[in-house]
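These notes concern the structure reproduced below.
Model, not experiment: these values are computed from the prediction. Lettering of chains follows the sequences in order, A, B, ..., and the numbering in each one begins at 1.
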There are 2 protein chains.
Amino acid sequence: MRLFVVLAEELHFGNAAQRMFISQPAFSRQIRALERCLGVDLVARSSRRVELTPAGQALLPEARTAVESVDRIRHVAQAQIRCVQGRLAIGSIGAEAQQPYTRAILAELRARNPDLKLDVCSLDIAHHVLALTQGEVDVAFLLSPMPPGIETLTLATGPRVACLPADDPLADRTSVTLAELAGRPVVDVPPECPRSWWNFWAVDPRPDGTTVRYGPVVHDVEALFLAVAHGEAMAFLPGAAQTFFPRPGVHYVEVSDAPPATAALAWMAKNRTLPTINAIRRAASAVLQRTSASGPGG
Amino acid sequence: MRLFVVLAEELHFGNAAQRMFISQPAFSRQIRALERCLGVDLVARSSRRVELTPAGQALLPEARTAVESVDRIRHVAQAQIRCVQGRLAIGSIGAEAQQPYTRAILAELRARNPDLKLDVCSLDIAHHVLALTQGEVDVAFLLSPMPPGIETLTLATGPRVACLPADDPLADRTSVTLAELAGRPVVDVPPECPRSWWNFWAVDPRPDGTTVRYGPVVHDVEALFLAVAHGEAMAFLPGAAQTFFPRPGVHYVEVSDAPPATAALAWMAKNRTLPTINAIRRAASAVLQRTSASGPGG
DNA sequence: CAGCGTTACGGTCTACGTAAAAATA
DNA sequence: TATTTTTACGTAGACCGTAACGCTG
């Protein structure tokens with residue numbers, strides 16, 4: 001079942017078997033067993049070409065959702081284990097983990113709950129929402145907007161910068177407008193990433209109504225920087241990227257008229273009542289109140 | 001996994017094992033293996049009481065969806081087999097299979113496609129929508145309204161009747177109003193049946209804004225008639241029930257002011273293009289055109 | 001011939017059922 | 001003490017990996 005999904009991606013028994021860490025004959029037998037079990041041929045194989053039959057194509061999305069749901073079971077089980085162990089899995093996208101507010105919240109959380117174990121991990125562009133929805137992490141420091149089912153607490157708001165190749169005519173400006181960037185392709189993200197989220201980050205559609213042309217798909221920020229440095233496309237990032245991600249061949253220019261970006265602490269709405277999640281929510285609220293109180297005063 | 005779902009329903013190892021057609025020790029071992037595999041205890045068992053742990057409760061819905069999606073795989077595979085074999089699985093709820101338009105459509109379909117094999121089965125109240133969405137049947141003769149994702153072709157529209165216990169003061173009337181029926185509990189349906197569908201059939205909320213009180217849950221029409229005959233609740237049915245379901249202790253009375261009911265041929269929107277489904281759609285359209293053409297003329 | 005999928009074979013691991021034991025109210 | 005879950009044990013089937021085979025371009 002999972003093997004079938006992998007085979008559909010690879011269209012090659014040897015490679016697929018390797019990905020699943022079993023020998024190729026074993027893989028072949030499993031697929032054949034699945035076909036016998038279901039009563040339909042799923043893949044048409046000649047020893048030179050492997051392709052899905054119509055039945056295989058029809059079954060592929062169903063198989064995918066089935067595999068996803070058993071993955072979800074594992075993740076939810078892990079979340080339950082963490083819950084009884086007093087553990088909290090925290091994810092963070094890009095440079096959010098290094099931001100002052102994030103560090104302050106984690107410090108506050110540790111101070112308030114000395115027995116709470118924190119598992120912090122970084123999330124890449126492709127999977128940050130999946131990590132939350134599938135329960136791989138309990139909470140995450142992310143960038144809005146989040147899709148329905150995810151609740152957020154706004155942590156900070158700031159300008160966005162354009163991420164341009166060094167040889168772009170605009171690369172050395174101190175500020176640009178969306179109109180000046182019109183026509184430049186924007187790095188794309190894989191389909192498992194919610195479209196609405198990336199549309200916001202690509203400013204698609206633009207204020208003038210035009211839609212964005214997309215460049216190569218990247219799965220993480222380093223791939224994004226490589227794509228930009230190669231001149232294949234541009235990207236929009238939160239202003240903090242400027243200081244946290246200096247990269248050769250990549251210049252940052254503030255975009256004066258893009259809607260501001262919002263950093264947020266996010267969690268699944270259905271998990272709102274979990275004690276560990278409540279703990280970090282309270283810690284975050286405390287830090288925000290303290291900051292806003294001291295801000296005008298200092 | 002599936003065993004866990006069954007155990008959660010039965011809360012009894014022996015009964016659950018029997019439902020799964022394996023011995024009780026084997027069942028017990030499987031559950032324990034699942035717990036070891038996930039790393040969490042799912043059920044708290046004393047030899048007198050079996051109950052779900054919090055982790056088990058959290059995992060139960062996920063396990064359910066996982067089981068459902070593998071069931072869907074089997075059903076979609078069956079649909080594919082039918083497709084290559086030139087078979088069409090047709091479902092029908094209540095008396096729809098016996099209605100003249102249904103019989104005419106099936107006759108037309110057989111006449112146009114002599115090689116097409118038809119598998120007709122009846123669907124009960126609880127599962128008629130699931131049978132479509134999970135691919136157990138390709139098309140179905142149902143009663144509107146259908147939830148999104150299901151397309152319909154309207155076949156007939158007619159008044160609704162109240163289904164009342166024989167000793168109800170209104171049971172021998174020729175016509176009643178919703179206002180006269182106010183306060184009477186209505187038979188309920190299990191949760192796997194879309195709420196919007198049953199709300200329509202229970203006329204909930206009523207035109208005056210009041211909500212309906214529900215009686216016992218029934219899974220099929222015969223259970224519905226028993227509940228009504230016992231005086232536990234009333235029900236609303238299409239007028240045709242009057243002639244097709246004479247039952248002791250059950251009287252039918254036309255409801256003068258209930259919105260009319262619509263019988264329809266239904267299929268999954270995503271399957272619209274399948275040749276077998278197209279065939280029955282065309283047959284149905286032809287029958288409808290012929291009927292409407294001859295109607296005014298005769 | 002070279003690459004790739006399939007079949008053959010020997011060994012291990014899982015999972016069943018029956019029967020006996022342990023645990024709880 | 002009675003009901004229900006768990007452990008013990010012997011067997012049948014599933015699955016893996018290595019190696020040999022067959023097919024296609």
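- When the P atom of dT24(C) is taken as reference, atom CZ of Arg49(B) falls 12 Å away, rounded to whole Å.
- If you take CZ of Arg29(A) and C1' of dA19(D), they are 12 Å apart, rounded to a whole angstrom.
- Between the CE atom of Met1(A) and the P atom of dC15(D) there is a distance of 14 Å, rounded to whole Å.
- Here dG5(C) presents its C1' atom at 16 Å from CG of Leu42(A), a figure rounded to the nearest Å.
- When rounded to the nearest whole Å, the span between CD of Gln30(A) and P of dG13(D) equals 19 Å.
- Taking the centre and axis of the six-membered ring of Tyr214(B), the NZ or CZ atom of Arg195(B) falls inside the cone set by 45° and 6.0 Å.
- For dT6(D), the OP1/OP2 oxygens have a side-chain nitrogen or oxygen of Ser28(B) closer than 4.0 Å.
- Counting to the nearest Å, the C1' atom of dG5(C) and the CD atom of Gln24(A) are 6 Å from each other.
- Atoms CZ (Arg2(A)) and P (dC15(D)) sit 16 Å apart, rounded to a whole Å.
- Aromatic ring orientation, Phe245(B) versus Phe225(B): tilted (interplanar angle from 30° to 60°).
- Rounded to whole Å, atom P of dT5(D) lies 13 Å from atom CD of Glu35(B).
- Between dG3(C) and Arg48(A), no contact under 4.0 Å exists linking OP1 or OP2 to a side-chain N or O.
- With dG17(C), dA19(C), dT5(D) as the candidates, the nucleotide lying closest to the side chain of Pro25(B) is dA19(C).
- Residues Leu130(A) and Glu192(A) approach most closely at CD1-CB, 3.9 Å, considering heavy atoms.
- Using bins of under 30°, 30° to 60° and over 60° for the plane-to-plane angle, the ring pair His128(B)/Trp197(B) lands in the tilted bin.
- Among the protein residues, Arg32(B) comes within range of the sugar-phosphate backbone only, with heavy atoms under 4.0 Å from sugar or phosphate atoms but none that close to a base.
- Nearest-nucleotide assignment on DNA chain D puts the 5′-proximal partner with Ser46(B), out of Ser46(B) and Ser23(A).
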